[in-house]
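Below is one structure, written out as structure tokens, with a few remarks after it.
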Amino acid sequence: MAFYYAEPSHTFNEYLLVPGYSSAECIPANVSLKTPLVRYRKGEEPAISMNIPLVSAIMQSVSGDRLAIALAQEGGVSFIYGSQSIEDEAAMVAKVKGFKAGFVRSESNLRPDQTLADVLALKEETGHSTVAITEDGTPNGKLLGIVTGRDYRVSRMSTDAKIESFMTPLSKLVTAPEGTTLKEANDIIWDNKLNSLPIVSKDGKLCYFVFRKDYDQHKKNPLELLDSQKRYIVGAGVNTRDYEERIPALVEAGADVLCIDSSEGYSEWQKRTIAFVREKYGDSVKIGAGNVVDGEGFRFLADCGADFIKVGIGGGSICITRETKGIGRGQATALIDVCRARDEYFAETGIYVPVCSDGGIVHDHHMTLALAMGADFIMLGRYFARFDESPTAKVNVNGTLMKEYWGEGSNRARNWQRYDLGGSKKLSFEDGVDSYVPYAGKLSDNVGITLAKVRSTMCNCGALTIPELQQKAKLTLVSAVSIVEGGAHDVLLKTSTKQV
């Protein structure tokens with residue numbers, strides 16, 4: 001006879017937090033959202049922590065290099081989607097790692113005998129306004145000059161004009177020798193009112209650029225997440241089929257953390273993938289696993305050596321796993337069960353394995369509920385798909401700006417590896433939908449508002465850190481009637497501010 005759970009499974013919308021005592025120190029400005037990303041032993045610090053508890057989903061319609069950079073600037077981590085070629089995924093990872101390193105290898109380079117048309121085409125391709133002009137057009141060729149937007153006017157110049165006729169030549173550039181420290185480079189930039197500073201070797205070859213905007217960016221983003229070399233931290237998704245080729249390429253590209261992208265993680269396939277990482281790299285390469293929905297699945301992956309474990313099956317807004325297969329569990333119940341197992345595992349072994357809540361987030365306050373229920377961080381797809389930085393198209397649907405958003409199990413993505421059960425290499429049926437989500441603007445603006453709500457709610461609970469929230473939180477189940485009571489009701493809402 002099948003096993004039956006005594007309690008029904010619940011969603012986040014069926015819970016509310018009950019306020020606790022708030023001291024005078026308990027104000028949003030004092031709240032820390034720092035949280036561990038990977039496993040660690042009691043008394044030790046995790047190898048990677050995040051400054052905010054948000055990561056982006058391993059999805060074609062969510063996590064490209066632009067969003068990875070924007071989220072790292074806010075203090076979180078993106079997992080570049082793995083349903084693409086190994087070379088393309090590694091290139092995205094490398095692009096993120098090269099974006100903010102203090103000393104930046106030039107990615108926009110031309111020869112002096114090329115034309116303004118080449119400058120404009122390169123700018124369109126890379127988005128970079130500073131182009132290094134080297135003798136052979138390579139990133140480390142002999143530097144002859146640079147071209148910026150101040151060196152040309154398209155309306156007054158022929159696109160056939162040779163670069164050497166309008167570039168700023170080396171003789172008029174302020175440069176610094178190889179070996180200059182980042183602090184010294186920034187001082188030169190400020191003293192000379194520069195936007196960029198070329199770092200040049202003894203034989204005149206271009207080594208790097210240091211940009212003023214990188215210094216300004218750091219000041220604007222005090223929570224940005226950097227590695228020891230001041231590069232943005234980025235994750236990458238892998239599957240359980242080509243991991244022996246994909247993982248080395250991603251590690252070589254600079255990925256800080258990997259995650260197995262699978263609809264169901266309680267499997268031999270994930271065990272083999274983690275074992276490969278441990279045998280080849282030991283503990284130096286970090287890899288998360290999942291998804292699971294109960295304590296038994298958690299313990300299996302924790303024993304396999306997963307660095308974090310994702311919780312959630314069928315709760316994503318574009319996921320139809322529960323409809324097509326009848327598999328899953330209410331996200332709140334699954335999270336509570338797994339986090340209980342996480343704490344028991346920590347008490348028994350002294351090893352803390354962070355839990356990621358993946359799916360089921362509809363409103364911002366659901367994030368705080370997930371953290372209170374034990375999640376160390378939250379993976380989001382729909383939330384991030386709405387922003388400028390997601391890789392999807394912005395479209396007009398009946399007069400409303402929307403962004404495209406599709407599931408990895410949809411016909412559009414055809415990510416059969418995510419749903420792999422060891423059979424033929426195909427997606428036999430759809431496990432996700434193709435959809436639109438309301439366009440919401442810049443990531444930074446929206447994440448700032450969301451986290452302001454989280455910090456405020458934490459203060460209502462008397463908590464200044466996520467672990468303190470988990471210790472002090474009081475949760476209550478709500479009835480269908482009280483859910484109605486919690487919104488605007490028994491009033492006529494104003495649909496327009498226009499005065500008659």
Side-chain angles (χ1 to χ4, degrees), residues 64-66 68-69 85 87-154 157-182 184-186 188-189 192-217 229-232 234 249 252-254:
D65 51 89
R66 280 189 67 207
I69 291 166
S85 72
E87 295 75 18
D88 288 347
E89 185 180 10
M92 280 192 177
V93 169
K95 193 169 184 179
V96 178
K97 298 306 291 184
F99 181 83
K100 178 74 166 63
F103 294 97
V104 180
R105 186 173 184 268
S106 179
E107 292 184 356
S108 294
N109 311 280
L110 293 171
R111 300 185 312 275
D113 60 339
Q114 291 181 272
T115 66
L116 176 59
D118 295 314
V119 172
L120 298 175
L122 186 60
K123 183 179 179 182
E124 178 70 22
E125 177 186 343
T126 66
H128 300 156
S129 58
T130 299
V131 179
I133 310 304
T134 59
E135 196 170 55
D136 57 3
T138 64
N140 299 117
K142 186 174 182 181
L143 183 65
L144 301 179
I146 64 171
V147 171
T148 70
R150 293 178 298 182
D151 292 312
Y152 60 85
R153 290 189 68 177
V154 177
M157 294 172 59
S158 168
T159 54
D160 293 329
K162 297 289 186 182
I163 290 174
E164 58 192 358
S165 69
F166 61 85
M167 71 180 186
T168 301
L170 179 63
S171 59
K172 294 184 178 181
L173 293 177
V174 177
T175 64
E178 189 176 10
T180 300
T181 67
L182 186 59
E184 290 169 342
N186 281 320
I188 294 171
I189 286 172
N192 292 276
K193 300 181 180 179
L194 306 174
N195 287 322
S196 63
L197 176 69
I199 307 297
V200 182
S201 67
K202 289 181 179 179
D203 54 358
K205 293 185 176 180
L206 177 63
C207 300
Y208 306 102
F209 274 105
V210 177
F211 292 98
R212 174 193 288 264
K213 68 179 177 61
D214 285 347
Y215 180 86
D216 293 341
Q217 197 70 49
Q229 299 179 52
K230 297 188 181 298
R231 301 175 301 178
Y232 285 131
V234 63
E252 177 67 23

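What's counted below: heavy atoms across the whole structure, side chains too, no hydrogens, waters or symmetry copies. What you see is a predicted model; the values in this text were computed from it and never measured.
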Sequence neighbours excluded, which residues qualify as side-chain hydrogen bond (donor to acceptor under 3.5 Å, both in side chains) partners of T159?
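For T159, no residue satisfies side-chain hydrogen bond (donor to acceptor under 3.5 Å, both in side chains) once neighbours in sequence are set aside.
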Of the non-hydrogen atoms in [X] and [Y], which two are nearest, and what is the gap between them?
{"X": "V234", "Y": "A68", "result": "CG2-CB, 4.0 Å"}
{"X": "K95", "Y": "D65", "result": "CD-OD1, 3.7 Å"}
{"X": "I146", "Y": "S196", "result": "CD1-OG, 4.3 Å"}
{"X": "K123", "Y": "H128", "result": "CG-O, 3.4 Å"}
{"X": "P139", "Y": "S106", "result": "CB-O, 3.4 Å"}
{"X": "S201", "Y": "C207", "result": "N-SG, 3.6 Å"}

Once you round to the nearest 0.5 Å, how far does [atom1] of [X] lie from [atom2] of [Y]?
{"X": "L197", "Y": "Y208", "atom1": "CG", "atom2": "OH", "value": "14.0 Å"}
{"X": "L110", "Y": "E164", "atom1": "CG", "atom2": "CD", "value": "12.5 Å"}
{"X": "L143", "Y": "F209", "atom1": "CG", "atom2": "CZ", "value": "6.5 Å"}
{"X": "L206", "Y": "T134", "atom1": "CG", "atom2": "OG1", "value": "7.5 Å"}
{"X": "L116", "Y": "R153", "atom1": "CG", "atom2": "CZ", "value": "13.0 Å"}
{"X": "L122", "Y": "N109", "atom1": "CG", "atom2": "CG", "value": "7.5 Å"}

Result block: side-chain N/O donor-acceptor pairs under 3.5 angstrom for residues 169-181, not counting sequence neighbours:
| unit_1 | atom_1 | unit_2 | atom_2 | d |
| --- | --- | --- | --- | --- |
| T180 | OG1 | P177 | O | 2.6 |
| T181 | OG1 | E184 | N | 3.1 |
| T181 | OG1 | E184 | OE1 | 3.3 |

Set of residues satisfying ring pair (Phe, Tyr, Trp, His ring centres under 6.0 Å) with respect to Y152, sequence neighbours excluded
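In terms of ring pair (Phe, Tyr, Trp, His ring centres under 6.0 Å), with neighbours along the sequence ignored, Y152 is linked to no residue.
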Around atom CD of E252, are there more than 12 heavy atoms of other residues, nucleotides or ligands at under 6.0 Å?
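It does not: E252 CD has 12 such atoms or fewer within range.
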Begin with the C-alpha distance, continue with both residues' side-chain angles, and end with the deciding distance and a verdict on side-chain contact (heavy atoms from CB on, under 4.5 Å) for T130 and N195.
CA-CA 9 Å; T130 299; N195 287 322; over 6 Å; no
Residue pairs passing the salt bridge (charged side-chain N to carboxylate O under 4.0 Å, His left out) test where at least one lies in [range], sequence neighbours excluded:
{"range": "residues 104-113", "value": "R111-D113"}
{"range": "residues 140-151", "value": "none"}
{"range": "residues 126-141", "value": "none"}

Would you confirm whether K162, through its side chain, and Q114, through its main-chain N or O, come within 3.5 Å as a donor-acceptor pair?
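No, the answer is negative, given that no donor and acceptor are paired below the 3.5 Å cut-off.
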Do T148 and T168 have side chains that get closer than 4.5 Å, going by heavy atoms?
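No, too far: nothing below the 4.5 Å cut-off.
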Report yes if some heavy atom in the side chain of F103 is under 4.5 Å from a heavy atom in the side chain of V210; otherwise report no.
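Yes. Closest side-chain heavy atoms under 4.5 Å.
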